[in-house]
Structure formats: C-alpha cells, structure tokens
Protein chains: 2
Amino acid sequence: MARSPSATSPSPEPKKPAYHHGDLRRALLDATVQLIEEQGLEAVSVREVARRTGVSPGAPFRHFPSRTALLTAVAEVAQERLVQAVEASLRNEDQVDPLLKFRAIGRGFLRWAFANPTHFQVISSRAVIEYERPSLRERNDGLRGTMHALLTQAAATGGLRPGEVSRHVLAGRALVYGLARMHIDGQFPSWGVDGANALDESIAILDQFIASISA
Amino acid sequence: MARSPSATSPSPEPKKPAYHHGDLRRALLDATVQLIEEQGLEAVSVREVARRTGVSPGAPFRHFPSRTALLTAVAEVAQERLVQAVEASLRNEDQVDPLLKFRAIGRGFLRWAFANPTHFQVISSRAVIEYERPSLRERNDGLRGTMHALLTQAAATGGLRPGEVSRHVLAGRALVYGLARMHIDGQFPSWGVDGANALDESIAILDQFIASISA
DNA sequence: ACCTGAACACCGTTCAAGT
DNA sequence: ACCTGAACACCGTTCAAGT
C-alpha cells in the first residue's frame with residue numbers, strides 16, 4: 001500500500017519534492033471531497049485528509065485554521081456549483097411565462113441536490129459555514145431577487161394567486177429545500193416514495209405547487 | 001468538584017450505592033439531552049456524558065452499544081414528543097373544516113420544532129436514527145394517514161384544488177420540514193427574515209400555502 | 001448484574017525544528 | 001515560506017477485574 005516516490009529520482013538537483021508542493025490547498029480540498037463522497041461527512045478527519053494527500057498531520061493547518069474551516073471551504077465550492085446549476089437551469093428555460101421560469105429555478109435546485117447529495121449535505125449542515133463570503137452572499141441575494149421579480153411579474157399580469165409575493169418565494173424555497181433534505185435524510189421511504197423515484201416525485205410535487213399558486 | 005457519597009453512610013448494610021445505580025440508562029439520556037441543549041449536538045461525547053453522570057468512561061456502553069445508539073435513543077424520545085405535540089395541536093383545533101385541521105397539524109409541527117430546535121436537530125440528523133422502532137413507525141404512519149384522509153375529505157367536498165392528494169400531503173410536509181430546517185440551519189436572516197420573527201413568518205407562509213391549495 | 005479503570009487506536013491542534 | 005514530527009489533551013470502544 002505504501003509507495004516511495006523518491007526511488008526513481010537519480011538526479012540530486014531540485015527534483016525530489018514531487019507532489020506535495022505547489023497547491024497543497026487545492027489537493028486538500030480535493031481529498032476532502034473525495035473522502036466525503038466515499039465515506040460520508042462524519043468520516044472526514046484532518047489526519048485522514050493529510051494522509052491521503054501525503055503530508056504530515058499538521059500540514060493542513062497551514063492552509064485551514066481548523067477542521068471546520070476546511071469543511072467551510074468545501075461548502076463554498078459546493079454552494080457555488082449549486083447556484084451555477086440553478087442559473088443554468090433558468091437560462092435553459094425557453095418559456096417566457098414567469099411562473100415557468102420560477103419553476104425552472106426550483107427544478108434546477110432539486111436536480112442538483114439529488115445528483116450531488118453529499119455536496120448538498122455539506123452545504124446545508126449548520127455550523128459548517130460560519131462566516132459568509134460576500135461573493136456567495138451576493139450571488140444568493142441575486143437569485144432571491146430574481147425569484148421575487150419573477151413572481152412580482154406574474155402577479156402583475158394576473159397569473160398569481162393572492163398573497164404576499166415574498167411569502168410565495170419563501171414557500172417555494174422552503175419546499176425544495178425540504179424535499180432535498182428529506183431525500184438526504186432518507187425520509188422518502190417512510191412517506192411511501194421509493195428512493196429511486198424521489199427526484200421525479202419531488203419535481204411532480206414542485207410542479208403541483210406551482211400550479212397551486214397560479215391564478 | 002468531586003464528591004464521595006460513601007462518607008455519610010454508617011450502616012454497613014445495602015446503603016452505599018447512592019445515585020449511580022437503579023436507572024443509569026435514564027440518567028445518561030437526561031445528561032445527553034442537557035449537554036445537547038447547552039453545547040449543541042457535536043459536543044456530545046460519551047465520556048462527557050459519563051462524567052456528568054458520575055460514572056466511568058466505559059459504563060454507558062453497558063446500556064448503549066455505541067455513541068450513535070445513545071443519540072438514537074434521544075432522537076426517539078424527541079420524535080415521540082413531536083408527534084404528541086402535533087396530535088395535541090390537531091385535537092385542540094375546534095374547526096371542522098378538513099383544511100383547517102390539516103393546517104393545525106402543520107402549525108403544531110412548526111411550533112414544536114421552533115420551540116425545541118436542538119431536539120428537532122437530533123431528529124432530523126441523518127444516520128442518527130438507523131433502525132426504526134415499530135411503535136414510532138406506526139405513529140408516524142398514523143399521522144400520515146390522518147393528513148391524507150383530511151385532504152381526501154377536502155377534495156370530496158370540493159374544497160381542494162386539483163392535483164394528487166398524496167402530493168399535496170407531501171408538499172405540506174416538505175414545506176414545514178424545510179421551514180424548520182431553514183430555521184435551525186440559520187438561513188432565515190439571509191432570506192430577509194429576522195430570526196425572532198421566523199416562527200410567525202413560517203406560520204404565515206404555511207397559512208398562505210393552505211390558502212393556495214384551497215379551491 | 002453492573003461498574004471500574006486501564007488499555008488501544010484513534011482525533012484536532014500546536015509548535016519547535018528542519019529544508 | 002512551507003512542511004515535519006513529536007507532543008498534548010482529548011475521543012470511542014473493549015475488557016479483564018472488582019463489588
């Protein structure tokens with residue numbers, strides 16, 4: 001299982017530092033993601049990540065002040081991907097009906113969360129993201145603004161049922177968040193939905209919700 | 001900090017075992033709940049629980065085979081309380097309209113979850129409840145059946161918007177679950193809702209959802 | 001029958017010392 | 001500037017030995 005990378009380096013010049021070097025930070029991040037994917041969030045230990053990256057137990061602390069900070073960094077990467085997936089889903093919606101665009105956002109969220117359960121778990125596990133990076137904040141606020149604008153537009157053209165627009169927005173968000181969490185918490189089976197159908201069923205539920213708030 | 005309980009027992013007969021004795025299991029459960037309430041779920045260690053109960057590090061393992069099993073036991077107690085709170089909320093609803101009864105279930109869920117965030121967190125943290133106790137299963141299924149029956153009744157009397165009843169049920173459940181999780185995950189502030197108003201706002205969102213699915 | 005206390009193999013984190 | 005490796009104070013879990 002153990003390899004000695006120095007066995008095949010005859011040149012005595014600067015050749016020895018082969019891989020633990022330039023971008024240890026990224027290597028640590030990659031190893032963490034892989035470890036989460038293999039064994040789950042709880043299995044992540046700084047020492048194991050260091051081991052997989054081939055560095056000493058203390059090395060990661062040069063790049064992340066704590067285990068939590070390491071996971072926060074992973075969560076930021078994941079959240080960025082989620083937002084991008086949602087934005088892409090919105091762009092790919094060719095309908096102009098604002099409610100259908102709103103639905104495309106929700107569908108994008110659900111698809112990404114179900115396709116990347118471990119990443120979604122990291123994102124939504126509290127106390128892991130403690131300080132909010134402004135860039136992410138901005139992006140998130142942007143998406144929220146888009147959702148609000150879409151429903152406001154729907155309301156203006158008489159396509160939305162009565163009620164506070166911001167509450168409709170939050171209901172939609174809570175609905176998809178709840179569905180995604182129920183999935184990673186393994187709750188669908190006890191609600192009569194086979195795990196394999198969970199995504200399709202969730203999308204159907206979202207669609208029915210959209211239909212419900214349509215005038 | 002340390003106490004010696006044997007100092008004040010002159011009788012040589014069965015009097016010495018003063019407190020770590022009869023129901024250590026319950027004492028451990030209580031100490032765990034208290035620890036969670038004080039320091040959060042992550043701070044729970046078997047050793048600390050043992051320390052607080054005044055027993056040796058290995059003692060808890062006579063009653064719970066693992067740390068996870070200990071937390072599972074706590075989760076079961078919490079889930080039982082949640083179900084009871086929801087059932088009480090339903091009983092206290094004096095309206096006969098099935099949709100209002102359905103709403104009372106959701107409100108009961110929200111109120112309990114917001115009033116007992118740490119307990120709710122334990123319940124909804126995956127991999128903590130691994131084996132399902134039949135009694136809880138039954139109760140949960142019972143509640144699900146009640147929700148389904150209420151919406152079926154509403155549909156029969158023409159009070160429900162078109163759509164699959166079971167999907168309306170699941171939407172309602174996912175909505176309140178999502179709202180409760182957003183709360184304990186601290187997400188309301190970034191959605192423009194002050195933490196102090198989170199419960200009232202959540203109830204308002206639920207009410208609006210109920211109104212949306214009303215015919 | 002139930003608990004103690006030592007033991008084992010881990011962990012997060014720090015910090016001098018090395019290159 | 002970045003990493004090593006020893007050290008410290010924890011942890012979950014096991015198990016002989018005590019009562």
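- Atom CG of L28(A) is separated from atom C1' of dG12(C) by 15 Å (rounded to the nearest Å).
- Atom CG of L71(B) is separated from atom P of dC11(D) by 14 Å (rounded to the nearest Å).
- R47(B) has its CZ atom 11 Å from the C1' atom of dC10(C), to the nearest Å.
- Between the CZ atom of F64(B) and the P atom of dT14(D) there is a distance of 15 Å, rounded to whole Å.
- To the nearest 0.5 angstrom, M147(B) atom CE is 10.5 Å from L90(B) atom CG.
- The partner of dC2(C), taking Watson-Crick or G-U wobble pairs whose two distances both stay under 3.5 Å, is dG18(D).
- The phosphate of dC2(D) has neither OP1 nor OP2 within less than 4.0 Å of any side-chain N or O from H63(A).
- Comparing P57(A) and A59(B) by the nucleotide of DNA chain D whose heavy atom lies nearest to each, the residue mapping closer to the 5' end is P57(A).
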Please determine whether salt bridge (charged side-chain N to carboxylate O under 4.0 Å, His left out) holds for the pair E38(B) and R52(B), giving the CA-CA distance in whole Å, both sets of side-chain angles, and the decisive distance to 0.1 Å.
CA-CA 13 Å; E38(B) 283 174 23; R52(B) 284 169 172 238; 2.8 Å; yes
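- Nucleic acid contact class of R67(B) (heavy atoms, under 4.0 Å, all strands): sugar-phosphate only.
- Between the CZ atom of F61(B) and the C1' atom of dA16(D) there is a distance of 17 Å, rounded to whole Å.
- The side chain of S45(A) contributes an N or O atom lying less than 4.0 Å from OP1 or OP2 of dC11(C).
- Summarising the base pairing, dC11(C) is matched to no nucleotide, lacking a Watson-Crick or G-U wobble pair whose two defining distances lie under 3.5 Å.
- For R51(B) and dC11(D), the shortest distance from a side-chain N or O to OP1 or OP2 is below 4.0 Å.
- When each of W112(B), F109(B), F114(B) is checked for a ring-ring contact (aromatic ring centres under 6.0 Å, His included) with H183(B), only F114(B) meets the rule.
- Side-chain contact annotation: R181(A) with S124(A), donor-acceptor N/O pair under 3.5 Å present.
- One side chain, R173(A) or Q187(B), offers a donor N or O that lies under 3.5 Å from an acceptor on the other.
- Projected onto DNA chain C by closest heavy-atom contact, V46(A) and R62(A) fall at different nucleotides, the more 5' of which corresponds to V46(A).
- If you take CD of E42(B) and P of dC11(C), they are 19 Å apart, rounded to a whole angstrom.
- To the nearest angstrom, C1' of dA9(D) lies 14 Å from CD of E48(B).
- Across the protein-nucleic acid pair, R25(A) atom CZ and dA1(D) atom P stand 19 Å apart, rounded to whole Å.
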